[in-house]
Asks: 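Quick one: the structure is below, and I'll ask about it shortly.
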Amino acid sequence: MRIATWNVNSVRSRMPRLLPWLDQRKPDVVCLQETKLDNDSFTELLADELAGRGYEFAHHGEGRWNGVALVSRAGLDDVVLGLPGEPGFPDPEARAVSATCDGLRVTSVYVPNGRTPDDPHYQYKLTWLGALREAAAGDAERAVICGDMNIAPTDADVWDPAVFVDSTHVTPPERAALAELTKLGLHDVVRDRWPDERVFSYWDYRAGRFHQDLGMRIDLILAAEPVAGRVAAAWIDRQARKGTAPSDHAPVIVDLDEAPDGNIGPMVPPPSNPKRRPGHPT
DNA sequence: ATGGCCGTTTGAAACGGA
């Protein structure tokens, strides 16, 4: 099963990239963030396109900002919009949607940005991450949390740590909040697969940052231990950041082998070709 | 090495993003 997550930075403006990407990568489950649409508009825009490709969807939107979706052709059961007890600013925003897909409890999240450490949005971000932890703790054996975490887990996940001193996305409290998720047994599957590689998922539109590979890795797939044990491949789809009118984020993709009761034997590592590896800058 | 881009609401320019 292939699961992907992508902050599309407006699904309406990204349609010319999203639909061909679905046909090219053929994910079974897609987590979208920053759809920037209300639910009726998302349905009007995408319902037919997705149904024609065999997908169901659940969208949690509010219009101008935020907005998250789950798109699946591996089942979409027990959909929940938002997080239990989630904080708002002041009202809850459209930042999480969960569903059960082929036995996995998948959540698409768009963690609050935080703006600056002295901004009220920063505390909101930390509180929101606490609610995410509580939700994940209830599904620690089958959780797959995908999305834009707006946190770079380590200094290796930013192009120049010196630039980000005193900025959000790298502060110890944010990283500690993220570590609370890994303490539940959730694995950062891309970093596990590429422990020493320079792998980014976001590049600022400005100043040719993408072409110089000056980015950050803030879009993550966090998988519960039994799920992480099924990972056959995990990579960042830099191709989707190239070309005309891309999002400033690239999709993150994980391929899972069959669940153990599928009985296909031990995990086989993906092919290793040092000259051309998925997720490696090209 | 965040003035420099992009998308949104708007109907020229402010705001958010990371």
Side-chain angles (χ1 to χ4, degrees), chain A residues 5-18 32-42 44-46 59 61-69 88-96 108-126 128-129 146-175 177-178 190 198-220 236 238 240-252 281:
Chain A
T5 182
W6 195 5
N7 180 326
V8 291
N9 186 19
S10 168
V11 72
R12 186 188 299 284
S13 66
R14 214 60 59 215
M15 287 290 277
R17 299 299 301 260
L18 176 62
L32 299 174
Q33 300 88 37
E34 285 207 85
T35 61
K36 297 186 176 179
L37 292 176
D38 60 44
N39 291 337
D40 287 346
S41 299
F42 186 94
E44 183 180 0
L45 183 69
L46 269 164
H59 182 255
E62 60 189 49
R64 179 176 185 179
W65 303 116
N66 311 312
V68 287
F89 198 87
D91 298 319
E93 300 174 313
R95 295 185 176 277
S108 174
V109 301
Y110 177 47
V111 174
N113 173 296
R115 300 189 181 178
T116 61
D118 59 358
D119 192 291
H121 280 89
Y122 180 81
Q123 191 58 49
Y124 168 46
K125 180 180 194 174
L126 295 179
W128 197 93
L129 286 162
C146 306
D148 180 352
M149 304 293 166
N150 270 320
I151 301 170
T154 75
D155 282 353
D157 299 304
V158 298
W159 54 273
D160 183 356
V163 172
F164 294 91
V165 171
D166 296 328
S167 299
T168 55
H169 298 65
V170 303
T171 66
E174 291 166 86
R175 286 176 170 170
L178 186 60
V190 166
R198 181 182 174 95
V199 278
F200 298 139
S201 66
Y202 161 85
W203 301 260
D204 196 301
Y205 283 123
R206 291 170 288 191
R209 288 279 162 75
F210 175 70
H211 301 286
Q212 302 168 76
D213 197 29
L214 305 180
M216 309 174 77
R217 193 175 68 93
I218 55 176
D219 301 272
L220 308 180
I236 294 173
R238 294 181 83 259
R241 183 62 177 79
K242 300 179 181 179
T244 304
S247 170
D248 43 1
H249 297 251
V252 185

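To find a chain, count down the sequence lines: A is the first, B the second, and so on, and within it residues start at 1.
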Asks: How many whole angstroms separate atom CG of A:D119 from atom C1' of B:dA18?
Replies: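 Value for this atom pair: 13 Å.
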Asks: Taking N or O atoms only and anything under 3.5 Å, show me the protein contacts with nucleotides 15-17 of chain B, one pair per line.
Replies:
unit_1 : atom_1 : unit_2 : atom_2 : d
B:dG17 : OP2    : A:R115 : NE     : 3.0

Asks: Test side-chain contact (heavy atoms from CB on, under 4.5 Å) on A:V170 and A:V158; report intermediate values, then the result.
Replies: CA-CA 9 Å; A:V170 303; A:V158 298; 3.9 Å; yes
Asks: How many angstroms lie between atom CG of A:D157 and atom CZ of A:R175, to the nearest 0.5 angstrom?
Replies: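 Taking CG in A:D157 and CZ in A:R175, the distance rounds to 7.5 Å.
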Asks: When the P atoms of B:dG7 and B:dA18 are compared, how many Å lie between them, rounded to an integer?
Replies: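 After rounding to an integer number of Å, I get 14 Å for this pair.
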Asks: Using a strict threshold of under 4.0 Å (side-chain N to carboxylate O), is an ion pair present between A:R241 and A:D213?
Replies: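 Salt bridge between A:D213 and A:R241, a charged N being under 4.0 Å from a carboxylate O: no.
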Asks: Could you state the atom-to-atom distance from CD of A:Q33 to P of B:dG7 in whole Å?
Replies: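 After rounding, the gap between these two atoms is 17 Å.
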Asks: Distance check: side-chain N/O of A:R14 vs OP1/OP2 of B:dG7, anything under 4.0 Å?
Replies: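 Affirmative; the distance criterion is met.
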Asks: Send over the distance from A:R17 CZ to B:dG7 P, rounded to a whole Å.
Replies: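 After rounding, the gap between these two atoms is 11 Å.
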Asks: Using a cut-off of 4.0 Å on non-hydrogen atoms, how would the nucleic acid contact of A:I218 be classed: base, sugar-phosphate, or nothing?
Replies: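 Sugar-phosphate contact only - A:I218 comes under 4.0 Å of backbone atoms but never of a base.
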Asks: Starting at the 5' end of DNA chain B, which residue's closest nucleotide do you reach first, A:V163 or A:A207?
Replies: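 Its nearest nucleotide being more 5', the pick is A:V163.
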Asks: Think A:S10 has a side-chain N or O under 4.0 angstrom from the OP1 or OP2 of B:dT8?
Replies: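 Result: yes.
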Asks: With rounding to the closest Å, how many angstrom separate the P atoms on B:dA14 and B:dA1?
Replies: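 Roughly 28 Å separates the two P atoms.
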Asks: Would you kindly give the CZ-to-P distance between A:R209 and B:dC6, to the nearest whole Å?
Replies: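 To the nearest whole Å, that distance equals 13 Å.
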Asks: Assess, by modelled atom type and distance only, whether the side chains of A:N113 and A:Y122 contain a donor and an acceptor separated by less than 3.5 Å.
Replies: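 The answer is no; no qualifying pair exists.
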Asks: Please state whether the rings of A:Y202 and A:H249 are parallel, tilted or perpendicular, taking 30° and 60° as the class boundaries.
Replies: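 The arrangement is tilted - the two ring planes meet at 30° to 60°.
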Asks: Classify the ring geometry between A:W159 and A:F164 as parallel (under 30°), tilted (30 to 60°) or perpendicular (over 60°).
Replies: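 Rings of A:W159 and A:F164: perpendicular, over 60°.
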